[in-house]
Each structure stands twice: as structure tokens, then as C-alpha cells.
Amino acid sequence: DNARALLDKRGPYFALLLGLKVLALAAILLLDPGSGGRVLLAILCALATSADITLRIAASSRHAYACGKHGTDTLLTALLLVDVVVGFSGGAEGKLDRALKMVVPFSVLVSIGGNVLRLTTTRQGSGGSGEG
């Protein structure tokens with residue numbers, strides 16, 4: 001299964017995914033809403049997060065969306081797309097931009113936490129504990 005094989009390459013896969021999320025977080029906190037860098041990083045992070053959801057569904061045994069497993073990343077993707085729309089509409093909308101600067105970092109951090117949990121759980125499971 002190609003999706004499972006790609007997800008098994010933990011190092012490069014998680015480095016890229018987590019790196020994009022950290023860069024998007026920094027861009028949202030530090031750059032103006034209409035800035036090209038912020039919009040570009042938000043788009044790249046949204047695409048990477050959507051691809052991650054798709055790969056995880058394809059690699060799962062049931063091939064079904066589960067809100068408990070994919071909900072945080074789905075919310076992050078939606079929030080990043082709202083941030084992109086705000087960026088394209090001229091940027092500093094005041095209240096909306098301040099709200100995004102509060103909500104998006106929380107969502108990014110929760111998503112990063114989920115990715116780190118998947119990374120560490122995978123390593124423990126593949127390493128074996130010797131218990132049988």
C-alpha cells in the first residue's frame with residue numbers, strides 16, 4: 001500500500017509536515033495578513049495538512065474519515081483557508097485578523113501535538129518492548 005509506505009518514512013515526512021506548521025505559525029504571528037509570505041505559508045500548510053489527512057485515511061484499514069482522528073487537522077485547514085481569504089481581501093480586517101491570531105496558533109499547536117504523538121507512538125510500536 002503506497003500510502004502506508006509513505007507514512008512509514010517517519011523522519012522526512014514528519015520533518016516536512018511539522019516544519020510547514022511551525023513556519024505557518026510564525027508567519028501568522030509575525031507577518032501582516034496581506035503579506036505574500038504569510039499567504040504562501042498558510043496555503044502550503046493547508047495543502048500539506050489536507051494531504052496528511054488523505055494519506056492517513058488511505059493507509060487506514062477502514063478508509064473512512066473519523067472526526068476524532070482527523071478533526072483537528074480539518075479545523076486547522078479550514079482556519080488556514082480563512083486566513084488566506086483574509087489575506088487576499090486586503091489583510092488587516094481588525095477584529096477578524098486578531099481573532100485569527102488567537103485561534104490559528106492554538107489550532108496549529110494542537111495539530112503539532114497530534115503529529116508528535118503519532119510520531120512517538122509509531123516509534124514505540126515498531127521498536128518492540130520485549131513483552132509478549
Side-chain angles (χ1 to χ4, degrees):
D1 182 53
N2 292 334
R4 193 163 302 178
L6 183 60
L7 290 174
D8 284 341
K9 297 179 181 180
R10 291 183 305 251
Y13 179 78
F14 279 108
L16 177 66
L17 188 60
L18 293 172
L20 280 172
K21 288 180 181 181
V22 168
L23 288 173
L25 174 63
I28 288 167
L29 290 175
L30 302 174
L31 299 177
D32 292 329
S35 127
R38 178 172 166 170
V39 169
L40 177 66
L41 286 170
I43 290 171
L44 288 175
C45 185
L47 287 173
T49 304
S50 297
D52 180 48
I53 294 168
T54 304
L55 283 172
R56 287 170 29 212
I57 291 171
S60 72
S61 58
R62 294 182 59 211
H63 301 295
Y65 178 86
C67 193
K69 291 182 178 182
H70 310 109
T72 301
D73 287 331
T74 304
L75 176 64
L76 174 61
T77 301
L79 289 171
L80 288 169
L81 293 176
V82 169
D83 188 70
V84 168
V85 170
V86 168
F88 280 138
S89 69
E93 291 272 331
K95 289 182 181 180
L96 184 56
D97 182 51
R98 282 184 298 205
L100 285 170
K101 280 190 174 186
M102 290 172 48
V103 174
V104 174
F106 175 76
S107 183
V108 171
L109 291 173
V110 170
S111 180
I112 287 172
N115 291 145
V116 170
L117 182 65
R118 283 177 31 219
L119 178 63
T120 57
T121 302
T122 303
R123 284 191 176 167
Q124 290 173 356
S126 65
S129 61
E131 295 177 12

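Since the model is a prediction, treat every value here as computed from it, not as a measurement.
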**Request:** Work out which heavy atom in Leu17 is nearest to a heavy atom in Ala48; give both atom names and the distance.
**Result:** CD1-O, 3.8 Å
**Request:** Evaluate the criterion side chain to side chain contact (heavy atoms under 4.5 Å, CB included) for residue pair Leu25 and Lys21; output intermediate values, then yes/no.
**Result:** CA-CA 6 Å; Leu25 174 63; Lys21 288 180 181 181; over 6 Å; no
**Prompt:** Nearest 0.5 Å, what's the CZ-CG distance between Phe106 and Leu76?
**Reply:** 11.5 Å
**Asked** side chain to side chain contact (heavy atoms under 4.5 Å, CB included) between Ile28 and Leu80: does it pass, once the steps are laid out?
**Response** CA-CA 9 Å; Ile28 288 167; Leu80 288 169; 3.7 Å; yes
**Prompt:** So which pairs with a foot in residues 77-88 pass side-chain hydrogen bond (donor to acceptor under 3.5 Å, both in side chains), sequence neighbours left out?
**Reply:** Arg38-Asp83
**Item:** Closest contact, heavy atoms only, Ala64 versus Ser60
**Value:** N-OG, 4.0 Å
**Prompt:** Of the non-hydrogen atoms in Val39 and Gly87, which two are nearest, and what is the gap between them?
**Reply:** CG2-CA, 4.1 Å
**Prompt:** Considering residues at least two apart in sequence or located in another chain, which fulfil the side chain to side chain donor-acceptor pair (under 3.5 Å) criterion with Thr49?
**Reply:** none
**Asked** What are the two closest non-hydrogen atoms of Leu117 and Thr120, and how far apart are they?
**Response** O-OG1, 3.1 Å
**Asked** Minimum heavy-atom separation for Leu29 to Pro105, with atom names?
**Response** CD2-CG, 3.6 Å
**Single-linkage hydrophobic cluster Leu47~Val84, side-chain heavy atoms < 4.5 angstrom** = yes
**Prompt:** Sequence neighbours excluded, which residues qualify as side chain to side chain donor-acceptor pair (under 3.5 Å) partners of Thr74?
**Reply:** Tyr65
**Message:** Would you compute the distance between atom CZ of Arg56 and atom NE2 of His70 and round it to the nearest 0.5 angstrom?
**Reply:** 4.5 Å
**Request:** Kindly give the heavy-atom pair with the smallest separation between Leu41 and Leu23, and that separation in Å.
**Result:** CD1-O, 3.7 Å
**Item:** Contact check, side chains of Asp52 and Asn115, non-hydrogen atoms, under 4.5 Å
**Value:** yes
